Amino acid sequence: MVNPTQAASAMELKVRYVECDMQGRVFNAHYLTWVDMAHTEAIDELLGGYRQVVAAGVDLVVAAADLQFRSPARFDDRLTVHTTIHPPGNTSLRSDFTITRGEDLLAECRMIHVCVDATTYEKQPWPQWLRAKLPVAA
């Protein structure tokens, strides 16, 4: 059972050859790409689609990202990016991610997104309609 104070989802992927460096490991920047993809999927599930959120005048921009590497991924690995979205603050939203290969933890990431106006990109509080679809504070 999912804790109502958090929203969890998972995205599977297969490491492509182009994502690997000369050492045969996934180049570090791709982990943030995967996290961004997983975050977009989680937002789609929670809010009914990222495009709909933007069309309603709201956008999310990254304010901070903290990525910790635990073990390398390699070509053809099948990975899962697990996303946990926490209750929103006034203007911010924290999301935690783990990237796993089976039971092996490969990376952990924490991102902070900020709510902005989709036209001006000025920071704004989360609208009530959007806040109602996000996890609730304990």
Side-chain angles (χ1 to χ4, degrees):
M1 182 170 175
V2 174
N3 181 340
T5 63
Q6 301 174 341
S9 66
M11 178 192 81
E12 295 184 0
L13 63 93
K14 184 177 176 184
V15 176
R16 300 173 301 168
Y17 183 79
V18 70
E19 293 168 319
C20 298
D21 60 20
M22 297 290 289
Q23 298 160 331
R25 298 173 178 213
V26 171
F27 178 69
N28 59 62
H30 292 292
Y31 291 85
L32 284 175
T33 297
W34 298 338
V35 163
D36 186 63
M37 291 166 50
H39 189 263
T40 299
E41 283 196 15
I43 292 299
D44 284 352
E45 290 173 19
L46 282 172
L47 304 178
Y50 185 78
R51 287 181 190 254
Q52 290 177 323
V53 172
V54 173
V58 177
D59 206 347
L60 293 80
V61 296
V62 176
D66 179 29
L67 180 60
Q68 301 293 315
F69 297 99
R70 306 293 180 213
S71 184
R74 294 183 169 81
F75 171 62
D76 247 3
D77 281 352
R78 294 190 180 275
L79 308 179
T80 304
V81 183
H82 306 271
T83 305
T84 302
I85 296 180
H86 298 271
N90 185 45
T91 61
S92 66
L93 182 67
R94 179 181 128 201
S95 303
D96 294 326
F97 305 86
T98 57
I99 300 174
T100 59
R101 179 182 51 235
E103 298 297 318
D104 297 330
L105 177 63
L106 305 183
E108 297 172 284
C109 184
R110 172 169 292 163
M111 292 187 84
I112 304 296
H113 286 82
V114 173
C115 180
V116 298
D117 179 278
T119 304
T120 65
Y121 295 101
E122 291 182 26
K123 186 166 75 168
Q124 66 179 15
W126 296 105
Q128 192 54 42
W129 65 266
L130 191 145
R131 184 177 290 279
K133 295 181 178 188
L134 293 171
V136 295

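Keep in mind that this is a model prediction, so the values were computed, not measured.
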Run the numbers on Leu130 and Val53 for side chain to side chain contact (heavy atoms under 4.5 Å, CB included), then give the verdict. CA-CA 8 Å; Leu130 191 145; Val53 172; 3.8 Å; yes
Side-chain atoms of residues 63-74: list all donor-acceptor pairs with protein atoms under 3.5 Å, sequence neighbours left out, distances to 0.1 Å.
from: Asp66; atom 1: OD1; to: Gln68; atom 2: NE2; distance (Å): 3.1
from: Arg70; atom 1: NE; to: Glu108; atom 2: OE1; distance (Å): 2.8
from: Arg70; atom 1: NH2; to: Glu108; atom 2: OE1; distance (Å): 2.8

Let me check something: any side-chain donor-acceptor pairs from residues 10-19 under 3.5 Å, sequence neighbours excluded? List them with distances.
from: Lys14; atom 1: NZ; to: Asp76; atom 2: OD1; distance (Å): 3.2
from: Arg16; atom 1: NH2; to: Glu19; atom 2: OE2; distance (Å): 3.3
from: Glu19; atom 1: OE1; to: Arg16; atom 2: N; distance (Å): 2.7
from: Glu19; atom 1: OE2; to: Trp34; atom 2: NE1; distance (Å): 3.0

Side chain to side chain contact (heavy atoms under 4.5 Å, CB included) with Thr120: which residues, sequence neighbours excluded? Asp117, Glu122
Could you list the residues that satisfy side-chain hydrogen bond (donor to acceptor under 3.5 Å, both in side chains) with [X], not counting sequence neighbours?
X: His30; answer: none
X: Thr100; answer: His82
X: Asp36; answer: none
X: Arg78; answer: none

Straight-line distance of His113 NE2 to Ile85 CD1, nearest 0.5 Å: 8.5 Å
Quick one: SG on Cys115 to CH2 on Trp126, what's the gap to the nearest 0.5 Å? 4.5 Å
According to side chain to side chain donor-acceptor pair (under 3.5 Å), does anything in residues 42-58 pair up with another residue at least two apart or in another chain? List the pairs. Tyr50-Asp59
Under 3.5 Å, side chain of Asp77 to main-chain N/O of Leu79, donor-acceptor pair present? no
Using a side-chain heavy atom cutoff under 4.5 Å and only I, L, V, M, F, W and Y, what cluster partners does Leu105 have? none
Could you list the cluster mates of Met22? Members are the ILVMFWY residues connected by side-chain heavy atoms closer than 4.5 Å, either directly or through other members. none
Assess the residue pair Arg101 and Leu106 against the criterion (side chain to side chain contact (heavy atoms under 4.5 Å, CB included)); give the C-alpha distance rounded to whole Å, side-chain angles, the decisive distance to 0.1 Å, and a yes or no. CA-CA 7 Å; Arg101 179 182 51 235; Leu106 305 183; 3.6 Å; yes
Validation: residues 88-95 side-chain donor-acceptor distances under 3.5 Å, sequence neighbours left out:
from: Arg94; atom 1: NE; to: Asp96; atom 2: OD1; distance (Å): 3.4
from: Arg94; atom 1: NE; to: Asp96; atom 2: OD2; distance (Å): 3.3
from: Arg94; atom 1: NH2; to: His86; atom 2: NE2; distance (Å): 3.1
from: Arg94; atom 1: NH2; to: Asp96; atom 2: OD2; distance (Å): 2.6
from: Ser95; atom 1: OG; to: His39; atom 2: NE2; distance (Å): 3.3

